[in-house]
Amino acid sequence: MKQREEEAEQEEEANSLRVSALVVYPIKSLPGISLTKAIATPLGLSTVNGVIRDRSYMIVSKKDGRFMTLRGPYSTGLCGIEVDWYPPQLLTSEEVDASDSHLILRAPSGDARGNAIDPLKLPAVDEEGDGINVTVWEWQGPARVVGGAHTSEWISRVLGVESHIVHCDPVTHHRDVDPAWVNETPARVLFADGFPYLFVFEESLKDLNTYIVNQGHTPIDMKRFRGNICVAGGMPWQEDCMRRVALHHVPDPNVDGSIFSLVKPCSRCAIPSVDPQTGEKNDYVREALAAMRKGTLLGWEDPPSFKHSTFFGINACLVPPETTTTTSSSSVQDESRDDAAASIPRGDDRSKAHLPEGTVAVSVGDHVTVLRATMGPFLMNK
């Protein structure tokens, strides 16, 4: 009996969901920074001091202010940039001097012509840069050029085209998440493609890599999918049924929960096919996704663009505290059920007063509980 109980406990532990990685991408399309602890804000992840925020910087064309990413002709140059930080405690200390904090960009392979180029110190706070209009997909709005002419010259040399690095003020920046996908409450996003969070799942990557290896190719790592919150455990593609999850520091879903709505499967562009180390494009990644994760195969045909899209990961939004009244359950259930619900306490004493209301602390190792799930497809608001 004891042996069976121990085996059951081991099986339950193996199937439990845990946060295995937290990654913040300060500059859109540049490498991410792994964190052990972070603050979840309505606008995305930040360091515990709130100084470095996910995709609050962006590289844009000097010509028209349009965003420049790994999808375009500059992937090799972007992949050649390394991101560091100063001071060393910038990622871990709750109290740092923001005015003396920097991101440090390096181009070990040199500029676009192969010439050596010194590292660039990018200030975390720069309130004096020129304001310009920038474009992310269909959205247009204001941003501030960071670091003056020296910074613009540096990134222009590395990419071989006149460019700026811009920053948005999270207090005044206003860019709405597509309301067609936000069911509970309006949400905003900084310079991410469309949503403040992307959840990715290790078991699903293992399954995808099994296919890739069986086709005679090299397995890929999670960096290609540029997720913020990586989850280990469970079953491959279990996330297809998830609609709301809680992250909590102890294995009790009624304590210290941060609640996320998983609102839209992430349709994949060319970026997962780009090797983040070299910038080389590997078509076999796109082919594997098409063979396993095309909308028509998954039964996701609304909107019509889903039919021929491929998917990996789930876009998400942080749920404000006043709306977190839902039943905790890891079983699949019908979204339309009106279950009796209890509020889940939010956050802990590591939440900082200078961050937006509703922010909560999250950590690698946090337990993940599925609060709402359904076997049906993701639905847009009609």
Side-chain angles (χ1 to χ4, degrees), residues 16-25 35 37-46 53-55 177-179 181-190 192-202 204 225-234 238-250 252-266 311-330 332-333 335 341 343-348 351 355-374 378-379:
S16 66
L17 302 173
R18 296 286 190 94
V19 174
S20 58
L22 297 168
V23 185
V24 62
Y25 297 85
L35 307 173
K37 299 177 182 179
I39 297 294
T41 83
L43 295 170
L45 280 185
S46 81
R53 294 171 178 266
D54 189 68
R55 295 170 171 95
V177 171
D178 186 347
W181 292 104
V182 183
N183 295 318
E184 282 102 355
T185 184
R188 291 191 296 141
V189 63
L190 299 180
D193 275 354
F195 297 84
Y197 291 91
L198 176 61
F199 279 69
V200 290
F201 295 79
E202 288 188 6
S204 299
F225 296 101
R226 303 182 64 80
N228 304 113
I229 299 177
C230 185
V231 177
Q238 182 179 353
E239 62 270 23
D240 288 352
C241 296
M242 296 178 184
R243 297 299 181 268
R244 182 177 284 200
V245 298
L247 277 54
H248 32 224
H249 303 315
V250 296
D252 179 354
N254 294 313
V255 177
D256 195 25
S258 51
I259 316 300
F260 293 85
S261 279
L262 308 187
V263 296
K264 179 181 178 291
C266 185
F311 299 91
F312 188 97
I314 306 290
N315 293 299
C317 299
L318 184 69
V319 178
E322 63 272 15
T323 64
T324 58
T325 55
T326 185
T327 300
S328 172
S329 171
S330 60
V332 175
Q333 55 183 286
E335 275 190 345
S343 296
I344 295 177
R346 304 296 302 279
D348 61 18
S351 297
L355 291 169
E357 287 188 22
T359 64
V360 288
V362 293
S363 302
V364 170
D366 278 359
H367 298 261
V368 180
T369 299
V370 181
L371 300 177
R372 185 186 301 165
T374 178
F378 284 80
L379 299 175

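For the single chain, residues carry numbers from 1 onward in sequence order. Computation of the quantities below employed the complete heavy-atom set of this structure, encompassing side-chain atoms and omitting hydrogens, waters and symmetry-equivalent molecules. This is a predicted model, so every value here is computed, not measured.
Rounded to the nearest 0.5 angstrom, L262 CG and E239 CD are separated by 9.0 Å. Atom SG of residue C317 and atom CD1 of residue I259 lie 14.0 Å apart, to the nearest 0.5 angstrom. Considering CZ of R243 and CG of L371, their distance stands at 13.5 Å, rounded to 0.5 Å. To the nearest 0.5 Å, the span separating NZ on K264 from CG on D178 amounts to 8.5 Å. Within the model, atoms CG of N315 and OG of S261 stand 12.5 Å from one another, a figure rounded to the nearest 0.5 Å.
Considering only heavy atoms from C-beta on, E202 comes within 4.5 Å of C230 through its side chain.
Listed here is the closest heavy atom pair of L17 and M242: CD1-CE, 3.7 Å. Heavy-atom minimum distance, R55 versus L190: O-CB, 3.5 Å. Considering every non-hydrogen atom in both S46 and L35, the closest pair reads O-CD1, 4.2 Å.
By the side chain to side chain donor-acceptor pair (under 3.5 Å) test, D366 pairs with H249, sequence neighbours left out.
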Show me the donor-acceptor pairs within less than 3.5 Å that the side chains of residues 192-201 make with the rest of the protein, sequence neighbours left out.
residue, atom, partner, partner atom, Å
D193, OD1, K28, NZ, 2.6
D193, OD1, R71, NH2, 3.4
D193, OD1, W137, NE1, 3.2
D193, OD2, R71, NH2, 2.2
Y197, OH, T41, N, 2.9
Y197, OH, T41, O, 2.7
Y197, OH, G44, O, 3.2

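Panel note: side chain T369, backbone A246; no donor-acceptor pair is recorded below 3.5 Å. Side-chain atoms of D54 come within 3.5 Å of backbone atoms of Y25 as a donor-acceptor pair (strictly under, hydrogens ignored).
With L45 as the partner, the side-chain contact (heavy atoms from CB on, under 4.5 Å) test is satisfied by one option alone out of L318, V362, I39: V362.
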